[in-house]
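As the structure is a prediction and not an experimental result, all values here were calculated from the model. Numbering of residues begins at 1 and proceeds along the displayed sequence. Values below: every heavy atom of this structure, side chains too, minus hydrogens, waters and symmetry copies.
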Amino acid sequence: MQLSPLEIIRRESLQKLRDLGINPYPAEEFKTTATIKDIINNFDDFDGKEVVLAGRMMSRRIMGKASFAELKDASGRMQIYINRDEISSDDEGTMYNTVFKKLLDMGDIIGIKGEVFKTKVGEESVNVKELTVLSKSLRPLPVVKTDADGKVHDAFADNEQRYRRRYVDLIVNDHVKETFIKRTKITNSMREFFNTRGYLEVETPILQPIPGGAAARPFMTHHNALDMPLYLRIANELYLKRLIVGGFDAVYEFAKDFRNEGMDRTHNPEFTVMELYVAYKDYNWMMNMTEELLEKIAMDTNKTTEVMIGKNKVSFKAPYPRVPILEAIKIHTGFDVAGMKEDELRNVCKKVGIEVDETMGIGKMIDELFGEKCEHHYIQPTFITDYPKEMSPLTKEHRTNPDLTERFELMVNGKELANAYSELNDPIDQRERFEDQMKLSAKGDDEAMFIDQDFIRALEYGMPPTSGIGIGIDRLVMFMTNNLSIQEVLFFPQMKPEKKVPEMTADEKTVFDLLKTTSPIELNTLKEQAGLSNKKWDFAIKSLTKHKVAKVEKTEEGLFVEELEKNPRRFLPERAPELAAPVEIDLDRPMDEVRAEL
């Protein structure tokens with residue numbers, strides 16, 4: 001493992017702490033008596049009183065015998081004042097002069113005991129009497145600064161790095177933590193809404209023998225002991241409806257679902273959905289309940305029913321418009337597709353520029369028509385209702401039109417947020433719908449539903465009239481926190497494999513070290529100085545130019561090699577954020593250490 005100069009210094013400081021008899025990773029409990037937020041919000045109650053705090057040191061200003069530092073805990077940030085004579089018990093002032101000034105670094109976790117006071121300029125602070133090292137940080141944090149005008153400098157803003165190193169993102173970007181705090185508020189608000197109505201929260205299997213409840217491509221695995229294939233669930237619907245059969249009037253679950261499909265700004269292969277099923281209700285009742293639920297969530301999360309989603313102001317205040325899906329298609333394409341046969345519908349799709357193939361049935365083509373031509377028009381919450389039967393194999397036939405079903409999708413900001421039905425409880429009809437899905441599968445539709453024989457058996461025992469809904473939690477959090485990317489609302493979103501940047505070989509380093517001394521340099525001269533065989537030379541120079549560490553240029557004088565990177569990342573794989581971190585210099589330190597940091 002190759003270390004940067006700052007990482008080497010931190011490891012040396014770690015050993016020096018141990019040499020002083022200080023355990024940089026103590027095991028015993030460190031009891032705190034307050035949080036930073038408590039002190040700042042209730043300063044008069046804490047003024048002049050002793051407190052014990054713990055947190056991460058985010059910055060420091062060393063000024064001889066006294067210094068200021070910024071401490072950050074889970075609730076906020078606060079200034080602390082450290083005086084040599086207060087925290088050091090020996091004549092040499094070891095705890096201050098050596099530990100605090102020389103061996104501690106930005107990012108270290110410390111505990112303090114001290115007295116709350118306000119500085120002459122009015123800043124709430126703690127005068128530290130005791131300092132305890134709780135965890136030595138071995139990697140430098142990116143330094144994010146905000147100037148007097150509120151402008152942020154050196155932000156840790158590269159999204160790929162932020163998502164891969166969410167722990168660093170949470171430390172240095174305070175607003176990120178607020179997103180996830182709101183996420184918990186949203187799920188708590190939903191639970192409160194359901195629990196006060198007597199609905200039961202349950203858990204159902206993630207590993208399933210049949211991936212049912214939705215039209216999606218599943219992840220597949222193998223159970224060695226049972227010697228059988230299993231699937232990560234794509235939906236929990238069929239298990240929850242089994243519980244309605246079993247006698248529960250209302251059940252809900254916050255479920256992790258998995259779909260082996262594409263990834264983009266609004267889709268992650270692992271996602272969270274809340275599904276609710278209530279007996280003796282229909283989809284009209286469910287629309288009313290959904291309006292009431294979302295209005296409550298908006299108020300609990302943001303204290304208003306109006307939220308900004310990108311550039312759009314969206315109101316979750318009830319009621320929401322209700323538009324039949326075939327009417328929406330007619331409005332936005334000019335074609336009335338109600339009652340069309342498969343060939344007619346395929347021709348309509350081609351006329352409006354939608355690609356179709358022979359594997360697509362009526363339901364899939366209507367879904368494409370709505371998704372491509374209509375969906376983006378519905379910015380304000382809108383119920384899209386009454387889907388064709390071919391699109392909804394688990395939904396009850398519409399009470400007034402046998403070609404349609406009692407289903408709605410809630411559209412918000414041009415995206416689906418919820419999907420709900422009057423649930424199909426006729427076991428004979430359900431079997432026929434499953435068989436129709438198998439015909440689509442035979443035509444090549446790899447998202448068609450499987451036949452779940454046990455679910456049909458459950459329906460044959462009798463399921464009461466029921467309405468069910470699924471709400472995408474990740475997307476709901478995106479809307480309520482004004483984030484346009486799903487990666488922003490998942491702690492650890494799925495990422496492509498991280499590219500491992502190869503370290504330089506000894507031959508490449510030989511050539512590069514010569515380039516650092518003289519650049520540009522005539523190619524044959526560089527080759528001669530490197531002293532490598534023709535084969536090794538060719539490999540080394542081609543690799544350096546391929547990775548843009550050096551370049552070869554033809555001039556009137558001949559071929560010359562020029563160094564492109566002073567500190568190529570190939571020397572320091574995965575170190576980009578730390579390289580930008582400014583070096584803290586304490587002039588009381590020995591000059592050889594200062595030079596090493598520089």
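Salt bridge annotation for Arg399-Asp282: present, with a cationic side-chain nitrogen under 4.0 angstrom from a carboxylate oxygen. Salt-bridge formation is detected for the pair Glu342/Arg346: a Lys NZ or Arg NE/NH1/NH2 atom is positioned less than 4.0 Å from an Asp or Glu carboxylate oxygen. Using a 4.0 Å cut-off between charged side-chain N and carboxylate O, Asp538 and Lys542 make no salt bridge. One finds a salt bridge joining Arg433 and Asp429 here, because a Lys/Arg side-chain nitrogen approaches an Asp/Glu carboxylate oxygen to under 4.0 Å.
Using bins of under 30°, 30° to 60° and over 60° for the plane-to-plane angle, the ring pair Phe258/Phe219 lands in the perpendicular bin. Classification of the Phe408-Phe383 ring pair by plane angle, with boundaries at 30° and 60°, yields perpendicular.
Using a distance-only test at 3.5 Å, with no hydrogens or angles considered, no donor-acceptor pair links the side chain of Arg166 to the main chain of Pro493. For the pair Asn413 (side chain) and Lys415 (backbone), a donor-acceptor distance under 3.5 Å is absent. Formation of a donor-acceptor pair under 3.5 Å by the Thr405 side chain with backbone atoms of Tyr387 is found in this model. A donor-acceptor contact shorter than 3.5 Å links the side chain of His398 to the backbone of Thr400. Checking side-chain atoms of Glu253 against main-chain N and O of Thr204 turns up a donor-acceptor pair under 3.5 Å. Counting only distance, with no hydrogens or angles, the side chain of Tyr320 and the backbone of Phe316 share a donor-acceptor pair below 3.5 Å. In this structure, the side chain of Gln380 engages the main chain of Ser315 through a donor-acceptor pair within 3.5 Å.
Seen from the ring of Phe491, Arg183 does not count as a face-on cation partner, given the 6.0 Å and 45° thresholds. A cation-pi arrangement is found for Arg197 relative to Phe193, the charged atom lying closer than 6.0 Å to the ring centre and inside a 45° cone about the ring normal.
In this structure the side chain of Ile206 reaches within 4.5 angstrom of the side chain of Leu232, judged on heavy atoms.
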Kindly determine whether Ser485 and Gln487 satisfy side chain to side chain donor-acceptor pair (under 3.5 Å), including the steps that lead there.
CA-CA 5 Å; Ser485 169; Gln487 287 85 5; 2.4 Å; yes

